[in-house]
Amino acid sequence: MQIQKPKGTYDLTPKEAFQRTYLENFIRKVFDNYNYREIRTPTFENTKLFKRSIGEETDIVSKEMYTFNEDEFTLKPEMTAPVIRAYVENRMFNDAPLQKLYYISNMYRRERPQAGRYREFSQFGAESIGSADVTSDAEMIFLADAILKGLGLVNYKIRLNTIGTLAERGIFISALKEYLTDFTEELSNDSKRRLEKNPLRILDSKDAADLRILENAPVLTHYLNDSTKMHFEKLLSILKELSNKIQVDPRLVRGFDYYTSTTFEFVTDTIGAQNALLGGGRYDMLAEQLGAKQTPAIGFAAGIERLEMALKAESVDIPKEKEIMLYICSAGESPREKVLGIINKLRAEGIKCDTDFLGRSVKSQMKEADRMKAKYVIVLGDEEINNDTAELKKMSDGSTLKIEGLEKIINYLNNEN
RNA sequence: GCGGGUAUAGCUCAGUAGGCAGAGCGUCAGAUUGUGGCUCUGAAUGUCACGGGUUCGAGCCCCGUUACUCGCCCCA
C-alpha cells in the first residue's frame, strides 16, 4: 500500500532542495549584513500564545491551527509571537536595548491549499525589537527590499500604509462601521460577516459592489493624529530611493490584531492569486501583551515558496548543484574493492569524488561520470593498481594525463579546486 | 468552509466512433577485449486514481468516492 504525503505538504527532491538551501544561504547573508542575528524557537507552542497575539477572531486562530494534546499546544502558524515570547522569556531586553533578530522556519496552517499556499510552508522574517524610531521602520523595509532585489527580482511593488494607534484605529473602525451599516444589504456575504468580526478587512475586499460602497467610506488617514502622520511622512522621506516601487495605499490593512502604525506588503502579479511575497509592520503593543514592559517593535515575514514561484516567473537563474571533481571507474572485481579505500583518502583531502557501487561495465560507469558532470575520470584496473599509476581524463576535452602515485593525484586535483 | 478544472509509464502528454495500452523524454543494456556526450538497436516500468453501473465489450458513457489543481475566503 502506497502512502501519500499529507494535503498541502510537499517534498523537495535533491535538485529542489539544493536551490532551497541556496536561497536560504543567500537570505542569511543579507540578514547578517544588516546585523540581524538568528533566533530559533520550538515547532510548537502553547496554544494561548497565538490566541492572545494573533487574535481569537482571526481565521488563523479560529479554524486553521494544528492543535493537539487537548488544545494545549499548536504548531506555529507564524513567527512573530514565538519570537517575542522568546525575547521576553530569555529577558533579552537586558542584553541590549535593541534586539535585531531573524528566522527561517516552517509554519503550519490548516488552510485549503492553492497556488502559493501550503499547509506546511516556510517563512523567513525579521523582528527589530526595542525602537519606536522611524529609522527602524525604514531599515526593515530596506532589508526586505535588499533580499528580494538581491535575489534578482524586479517585478514587485511595495504597498505601504499606516493604520495608526489602537485608539486612532478604534475611532475609525466605529466610523467605518456606522457608514457601512447603511449599506449592509448591498455588501457581499463575506463583507457582511466581516462587518461584525473584522470591519477593517472590508477595505481589502475584491468584490465590485463592496468597492463601489467603499468609494465614499471614511478614510483612515483622516482619523490619525499629527504624530502618527509625521512618523509616516518621515518614513516616506527616508525611503525615497525606493519611491518608484512604493505605492501608498490607505486601504492596506493586515490580518493580525497586533499590528499598529506602519504596515507594508511586497506584492507581485506574477504568481497568481496569492500575490503577497512579504508582509509586515509595527506591533508596539505585542511585547507588553506577552508580559514585558511596553516595547515597540517592527518586523516582516516572507513566504519562501512564493519567492521561489516569483523567481521562476521572472526566470531568475539559481545556481546548479556543484559537479564532482573526480569519478573513479573500476575495471574488474578486484580493483573495485580497492577503489573505496582510494576515494576515501581523496575525500579526506577535500576532493569531491565518487565511484561505481553497482559493478557495472566501464562504459556504464563513464556514462554515470558524465551524468554527475565529473571534471576528471580515472579508470583503475589491475595494472594501474599494481603500478600505482593512473590516467587522468579531463572530461571537457577528453585529454588524458598519466600520473604516478596517489599523492600526485591529490596535489593535481587540489590545484584545480 | 464554498465554487471550477483535472486524474493514462518515473516525467510531459496522445489515445479517433466504445473494439489488442501508446509516443517523446528519462532509466537500463548492446553496437569488437577497459572509456562519456552525438547516433543507431533493443529492453523494463501500467490496478488507465478508486468503487459501482450500462454494454457482447469501457481508458473512453453514467453515478459515487478520493486525490491533485485553480479561484473565493484567509494570508507569506
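Numbers restart at 1 for each chain; the letters A, B, ... are given by sequence-line order, proteins then strands.
Listed by chain and number, the residues in a side-chain hydrogen bond (donor to acceptor under 3.5 Å, both in side chains) with Glu139(A) are Tyr36(A), Lys100(A) (sequence neighbours excluded). Looking at residues two or more places apart in sequence or on another chain, you find no side-chain hydrogen bond (donor to acceptor under 3.5 Å, both in side chains) involving Glu349(A). Applying the side chain to side chain contact (heavy atoms under 4.5 Å, CB included) rule to Lys177(A) yields the partners Leu195(A), Pro199(A); only residues at least two apart in sequence or on another chain are considered. Legend: residues meeting side chain to side chain contact (heavy atoms under 4.5 Å, CB included) with Phe121(A), ordered by chain and number and at least two apart, are Met107(A), Arg109(A), Tyr118(A), Gln123(A), Glu305(A).
Between Lys367(A) and Asp370(A), none of the side-chain N atoms (NZ, or NE/NH1/NH2) sits under 4.0 Å from a carboxylate O, so this pair counts as no salt bridge. A salt bridge does not link Asp32(A) with Lys29(A): every distance from a Lys NZ or Arg NE/NH1/NH2 to an Asp or Glu carboxylate oxygen is 4.0 Å or more. A salt bridge links Lys51(A) and Asp71(A); the closest N-O separation between the charged side-chain nitrogens and carboxylate oxygens is under 4.0 Å. A salt bridge is absent between Glu215(A) and Arg212(A): the closest approach of a Lys/Arg side-chain nitrogen to an acidic carboxylate oxygen does not fall below 4.0 angstrom.
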Summarise how protein sits on nucleotides 35-45 of chain B as a single string, 5' to 3': B when a protein heavy atom is under 4.0 Å from the base, S for sugar-phosphate-only contact, - for no contact.
BBB--------
At under 4.0 Å between heavy atoms, which parts of nucleotides 4-13 of chain B does protein reach? Answer with one letter per nucleotide, 5' to 3': B base, S sugar-phosphate only, - none.
----------
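Taking only side-chain atoms of Ala115(A), from C-beta outward, the nucleotide of rC73(B), rC70(B), rA76(B) with the closest atom is rC70(B). When the nucleotides rA29(B), rC72(B), rA76(B) are ranked by their closest atom to the side chain of Gln114(A), rC72(B) comes out on top. When each of rC74(B), rG30(B), rC68(B) is scored by its nearest atom to the side-chain atoms of Lys7(A), the top-ranked nucleotide is rC68(B).
Looking at residues 33-43 of chain A, you'll see that no heavy atom sits under 4.0 Å from any atom of RNA chain B. For the segment residues 264-283 of chain A, the set of residues with a heavy atom within less than 4.0 Å of an atom of RNA chain B comprises Gly272(A), Ala273(A), Gln274(A), Ala276(A), Leu277(A), Leu278(A), Gly279(A), in numerical order.
Among the heavy atoms of the strands lying under 4.0 Å from Tyr118(A) is at least one base atom, whether or not backbone atoms are also near. Backbone-only engagement by Arg201(A) is indicated by non-hydrogen atom pairs under 4.0 Å involving sugar-phosphate atoms exclusively. When heavy atoms are screened at a 4.0 angstrom cut-off, Ser364(A) is found touching the sugar-phosphate backbone but no base atom. Gln4(A) comes within contact range of the sugar-phosphate backbone alone, with a heavy-atom separation under 4.0 Å but no base atom that close.
Between Val30(A) and Leu151(A), every side-chain heavy-atom pair lies at or beyond the 4.5 Å cut-off.
You'll find a donor-acceptor pair under 3.5 Å spanning the side chain of Arg117(A) and the base of rC73(B), going by distance alone.
Where Arg360(A) and Lys206(A) meet RNA chain B, the nucleotide closest to each residue was compared, and Arg360(A) sits on the side nearer the 5' end. In terms of position on RNA chain B, the residue among Asp382(A) and Ser361(A) whose nearest nucleotide sits closer to the 5' end is Ser361(A).
Here salt bridge (charged side-chain N to carboxylate O under 4.0 Å, His left out) pairs that include residues 392-417 of chain A, with residues two or more places apart or in two chains, number zero. Pairs passing the salt bridge (charged side-chain N to carboxylate O under 4.0 Å, His left out) check and including a residue from residues 4-16 of chain A, sequence neighbours excluded, do not occur.
If you take NZ of Lys5(A) and P of rA49(B), they are 18 Å apart, rounded to a whole angstrom. Protein atom CZ of Arg109(A) is 18 Å distant from nucleotide atom C1' of rG1(B), rounded to whole Å.
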Donor-acceptor pairs are to be reported for all side-chain atoms of residues 73-82 of chain A against protein atoms at under 3.5 Å, with residues two or more places apart or in another chain.
from: Thr74(A); atom 1: OG1; to: Thr47(A); atom 2: OG1; distance (Å): 2.9
from: Thr74(A); atom 1: OG1; to: Thr67(A); atom 2: OG1; distance (Å): 2.9
from: Lys76(A); atom 1: NZ; to: Thr41(A); atom 2: O; distance (Å): 3.4
from: Lys76(A); atom 1: NZ; to: Thr41(A); atom 2: OG1; distance (Å): 3.4
from: Lys76(A); atom 1: NZ; to: Pro42(A); atom 2: O; distance (Å): 3.2
from: Lys76(A); atom 1: NZ; to: Ser105(A); atom 2: OG; distance (Å): 3.1
from: Glu78(A); atom 1: OE1; to: Thr80(A); atom 2: N; distance (Å): 3.3
from: Glu78(A); atom 1: OE1; to: Tyr258(A); atom 2: OH; distance (Å): 2.5
from: Glu78(A); atom 1: OE2; to: Thr80(A); atom 2: N; distance (Å): 3.4
from: Glu78(A); atom 1: OE2; to: Ala81(A); atom 2: N; distance (Å): 2.8
from: Thr80(A); atom 1: OG1; to: Glu127(A); atom 2: OE2; distance (Å): 2.9

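Between the side chains of Asp137(A) and Thr262(A), at least one donor N or O lies within less than 3.5 Å of an accepting N or O.
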Carefully, step by step, assess Lys338(A) and Leu380(A) under the rule side chain to side chain contact (heavy atoms under 4.5 Å, CB included).
CA-CA 9 Å; Lys338(A) 302 226 165 67; Leu380(A) 294 183; over 6 Å; no
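Base-pairing analysis of RNA chain B finds the following stems of at least three consecutive Watson-Crick or G-U pairs, with both pairing distances under 3.5 Å: B:1-7 with B:66-72, B:10-13 with B:22-25, B:27-31 with B:39-43, B:49-53 with B:61-65.
Aromatic ring centroids of Phe68(A) and Phe44(A) lie under 6.0 Å apart.
Between the CD1 atom in Ile304(A) and the CZ atom in Arg20(A) there is a gap of 5.5 Å [rounded to 0.5 Å].
Using a distance-only test at 3.5 Å, with no hydrogens or angles considered, a donor-acceptor pair links the side chain of Arg347(A) to the main chain of Cys353(A).
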